Amino acid sequence: MRFRRGDIRATIIDHFYRMKKLSDILEQRVSQAIRKTTGQDFPAIVRAAADPKFGDYQANGIMAAAKALRTNPRKLAEQVVAVLEIEDICQTPEIAGPGFINLRLKDEFLAARLLEINIDKERLGIEKIDTPQTVVVDYSGPNIAKQMHVGHLRSTIIGDCIARLYEFEGHRVIRQNHIGDWGTQFGMLIAYLKKQNPQVLQDPASVRIADLEQFYQDAKRLSDNDETFAATARAEVVKLHNHDQQTIGVWRHIVEESRRHYQPIYEQLSVTLKPEDERGESFYADKLADVVKQLREQGLAVESEGAVCIFPEGFFNKEGQPLPFIIQKSDGAFLYATTDLAALRFRIDQLHADKIIYVTDARQAQHFQMLFAVAKMAGWTQDRVELLHVMFGTMLGEDGKPFKTRTGGTVKLKELLEEAVDRARRVVDEKNPDLPQEQKQQIARAVGIGAVKYADYANNRNSDYVFSFDKMLAMEGNTAPYMQYAYARIKSIERKAAGKDVDIEGELANLAALSFAEPAEKELAKILVTYDQAIQAAAQECRPNYLTAYLYDLSQAFSRFYNACPVLQAQASQRPLRLLLCDLTARTIRHGLKNLLGIDVPEKM
RNA sequence: GCGCCUGUAGCUCAGUAGGAUAGAGCGUCGGUUUCCUAAACCGAAGGUCACAGGUUCGAAUCCUGUCAGGCGUACCA
């Protein structure tokens, strides 16, 4: 964002705080005033006001400071306000209650901020972070040779949002799709494929596995019932581990076939994972022995009941005995704990991660606690690398039990998404029957898929949540369609402008002084300038619901504004501001939904 | 037994280093359309924030204990 000399905006905006978050500026100003008054540092604790009658922001830190200094809080507040330099941003601060400082934004400041955001077409005035880190995000991790089911949804989309958030903040994000592409079940699958389709050996690419689920089940049934076949399967496992060329060829084919099944689902979900982000269990297979060797040499890993174990402090089993983190079974085989250790070491040593985020369900919490403890014991993190388990609850059906089909089977992700699109399509057909077929289908996809994703994001990820098509596809409430609708209404205004002789581009290009006439305008403006805070909070806590809550607030404020303030018919003096508010709202919703949540925003709906 | 997660309006859920009178949506009741998409907007009713103590100017939020549900707890992932 650059200002030309003489530009009115440059005179309005003080370069000192340009681009910084409003909440940070206020925090800094009030903290400075407290320091000036008391000679000591106390946090100002500036927050959005609890009630509109208290203004827009309130500083809560005075009471604590007064307490520490054993002085009267209201008196301290008066002294702080006396030296508080904030007249470029706020009206005269007020002191209220036991010692709150209430701040009310000046119209000129809000207007200047809006203009500033308007100039930045890519990032809406949001700066990249000062100190970028290398952040590894481990998410999705589907099993090869099985269809993706609802159990994979949350990790896949929550992880994707976190990756997008960190990337937008300016960090170097490395996505890692830790696919389950190795293990004993592959012996069975390879043996089965060789048996059913011998031509796979000559030309692996010629064989298609139409239904992965069926393929897996058939192979398993044969393995369970046919001892000869089971022996062949075991032999294939050995061949696989020895990198037998023929067996590896068939294995690779199975992996590629699986990818052809799940990659389209990623695309349908607008999940940013690419094949090159895959680094599955097979990648670490030849590094496992070394992990065990190193941990043994360090004296951390010891044999117990025939298995190689590490006993991190503070973990106990049912008998109250130390709980082992088993890295090699008594039969010599390695486990997922071993693979996770190898992956963790790789991410630190080879990917140079500063932070590693694992997005998996809450049931694995203890596993990751132990994994992180072991990594620390082994000295891998060097008190430098941050390890984070971002956990989430289970998806439940409307009966409150884990989400299953009527017959009790797992719900396939593909079918779930198809149903969401079908349901959305029915609504589009009803509400907007005259649109072309193709556009209706495109809207149905955006609304249906968006609804499923958004419903997941909007929930506090720690809780289990009840999956309901009816709720997520509703136009009322905190749903994707509600926000998409707000966006579509703005786009509709833009389309109608020409017919009413309104030159939007011209009016937006010549914006200068703006003044707020209606409360709804200012309310919307106040929310628009806090988008940066919402993003920061969501990224910092890895909680997409902070972002969805913001987008919902914004959309609600827009709907009120839309209802109260005509745009195209507005007086010439008022129209530029309203056009600007519409444009910024549309761009913010679009950025939040599409760029950060991966949810499409149709122009019409 | 131990550990983790959860417990907020009839239902589904928010509540972002402890802040003023705890918020939405659904459902219920009532209102708004010569006007840019009513898939919308406005209003009303509805709460012992599971319970009991504690910490302090102030607790849904922090601490301790209790109760309830879910999950995990030695060779699955």
Side-chain angles (χ1 to χ4, degrees), chain A residues 43 45 47 49-51 53-54 58 60-61 63-64 66-67 73 96-100 141 143 180 183 281 304-309 314-321 323-331 333 335-337 339-340 360-367 369 391 393-394 396 398 400 402 427-428 430-432 447 458-460 462-466 468 470-471 473-479 481-482 484-486 488-497 500 502 533-534 536-538 540-541 543 545-546 548-549 552-553 556 559-560 562-564 566-570 582 604-605:
Chain A
I45 315 186
R47 298 281 177 273
D51 190 299
K53 77 180 178 208
F54 300 136
Q58 58 185 53
N60 300 332
M63 281 88 79
K67 171 83 177 161
F100 296 101
N143 293 319
E281 293 169 349
S304 171
E305 297 178 28
V308 181
C309 309
F315 297 91
F316 303 97
N317 67 12
K318 287 173 215 163
E319 284 77 43
Q321 304 300 312
L323 186 66
F325 194 64
I326 301 175
I327 57 173
Q328 188 168 19
K329 305 197 318 189
S330 47
D331 66 3
L335 307 91
Y336 76 120
T339 309
D340 277 344
T360 81
D361 64 277
R363 287 176 302 194
Q364 299 185 48
Q366 185 171 257
H367 166 72
Q369 280 175 11
M391 64 179 91
T394 310
L396 305 175
E398 296 197 60
V427 180
V428 178
E430 183 199 328
K431 301 284 183 186
N432 232 333
V447 171
N459 268 273
N460 179 337
N462 278 5
S463 338
D464 296 346
Y465 89 97
V466 176
S468 161
D470 290 336
K471 288 214 171 74
L473 284 165
M475 305 299 148
E476 310 85 21
N478 191 3
T479 64
Y482 180 85
Q484 290 167 324
Y485 179 60
R489 283 167 126 187
I490 297 172
K491 292 291 139 183
S492 176
I493 291 176
E494 290 175 4
R495 282 193 299 272
K496 298 231 157 115
K500 306 208 174 182
V502 178
Q533 291 168 42
Q536 188 195 28
Q540 196 171 320
E541 305 293 319
R543 293 192 181 276
N545 65 308
Y546 290 173
T548 60
Y552 183 46
D553 277 349
Q556 278 186 309
S559 288
R560 286 187 206 110
Y562 181 89
N563 215 255
V567 177
L568 296 178
Q569 279 98 323
C582 284
K604 290 184 186 176
M605 69 180 278

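Each chain gets a letter, A, B and so on, in the order its sequence line appears, and its residues count up from 1. Remember, predicted model here, so these are calculated numbers, not experimental data.
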Among [options], which is the nearest nucleotide to the side chain of [X]?
X	options	result
A:Glu476	B:A39, B:C26, B:C36	B:C26
A:Asn60	B:G19, B:G25, B:U37	B:G19
A:Ser559	B:C41, B:C5, B:A24	B:C41
A:Ser492	B:U37, B:U16, B:C5	B:U37
A:Ala307	B:C75, B:U37, B:U73	B:C75
A:Glu305	B:C13, B:C75, B:C5	B:C75
A:Ala64	B:C35, B:G19, B:A39	B:G19
A:Leu335	B:A77, B:G72, B:C36	B:A77
A:Gln556	B:A20, B:U73, B:G25	B:G25
A:Gln369	B:C75, B:A39, B:C4	B:C4

Distance check, [atom1] atoms only: [N] and [M], in whole angstrom units.
N	M	atom1	answer
B:A20	B:A59	C1'	13 Å
B:U34	B:G27	P	25 Å
B:G70	B:U12	P	16 Å
B:G23	B:A14	C1'	7 Å
B:U48	B:C2	C1'	32 Å
B:C71	B:G65	P	24 Å
B:A9	B:A45	C1'	11 Å
B:A24	B:U64	P	33 Å

Identity of whatever pairs with [N] - Watson-Crick or G-U, under 3.5 angstrom:
N	value
B:A68	B:U6
B:G1	B:U73
B:U33	none
B:U28	B:A44
B:G19	B:C57

Min side-chain heavy-atom separation [X]-[Y] under 4.5 Å:
X	Y	result
A:Phe100	A:Asn60	yes
A:Lys496	A:Leu568	yes
A:Asp361	A:Met391	no

[X] near the nucleic acid: base, sugar-phosphate alone, or nothing, with a heavy-atom cut-off under 4.0 Å?
X	result
A:Val567	base
A:Asp331	nothing
A:Asp464	sugar-phosphate
A:Leu323	sugar-phosphate
A:Ala549	nothing
A:Glu281	sugar-phosphate
A:Thr394	nothing
A:Pro481	nothing
A:Lys496	sugar-phosphate
A:Val427	base
A:Ala497	nothing
A:Cys309	base

[X] side chain near [N] phosphate (N/O to OP1/OP2, under 4.0 Å):
X	N	answer
A:Tyr552	B:G15	no
A:Arg560	B:C42	yes
A:Ser463	B:A14	yes
A:Lys329	B:C76	yes
A:Asn478	B:C13	no
A:Arg489	B:A38	yes
A:Asn545	B:A14	no
A:Lys318	B:G1	no

What is the distance, rounded to the nearest whole Å, between atom [atom1] of [X] and atom [atom2] of [N]?
X	N	atom1	atom2	result
A:Met63	B:G18	CE	P	13 Å
A:Asn459	B:C11	CG	P	17 Å
A:Lys471	B:A24	NZ	P	18 Å
A:Leu396	B:G69	CG	P	16 Å
A:Ile45	B:U61	CD1	P	17 Å

Please tell me whether A:Tyr482 and A:Tyr552 form a close aromatic pair, meaning their ring centres lie under 6.0 Å apart. yes
- By centroid distance (under 5.5 Å) and plane angle (under 30°), are A:Phe315 and B:G3 in a stacked arrangement? no
ask   = Are A:Phe54 and B:A20 stacked, counting the six-membered base ring, centres under 5.5 Å, planes under 30°?
value = yes
Item to check | Under-3.5 Å donor-acceptor pair between A:Thr339 side chain and B:A77 base | outcome: no
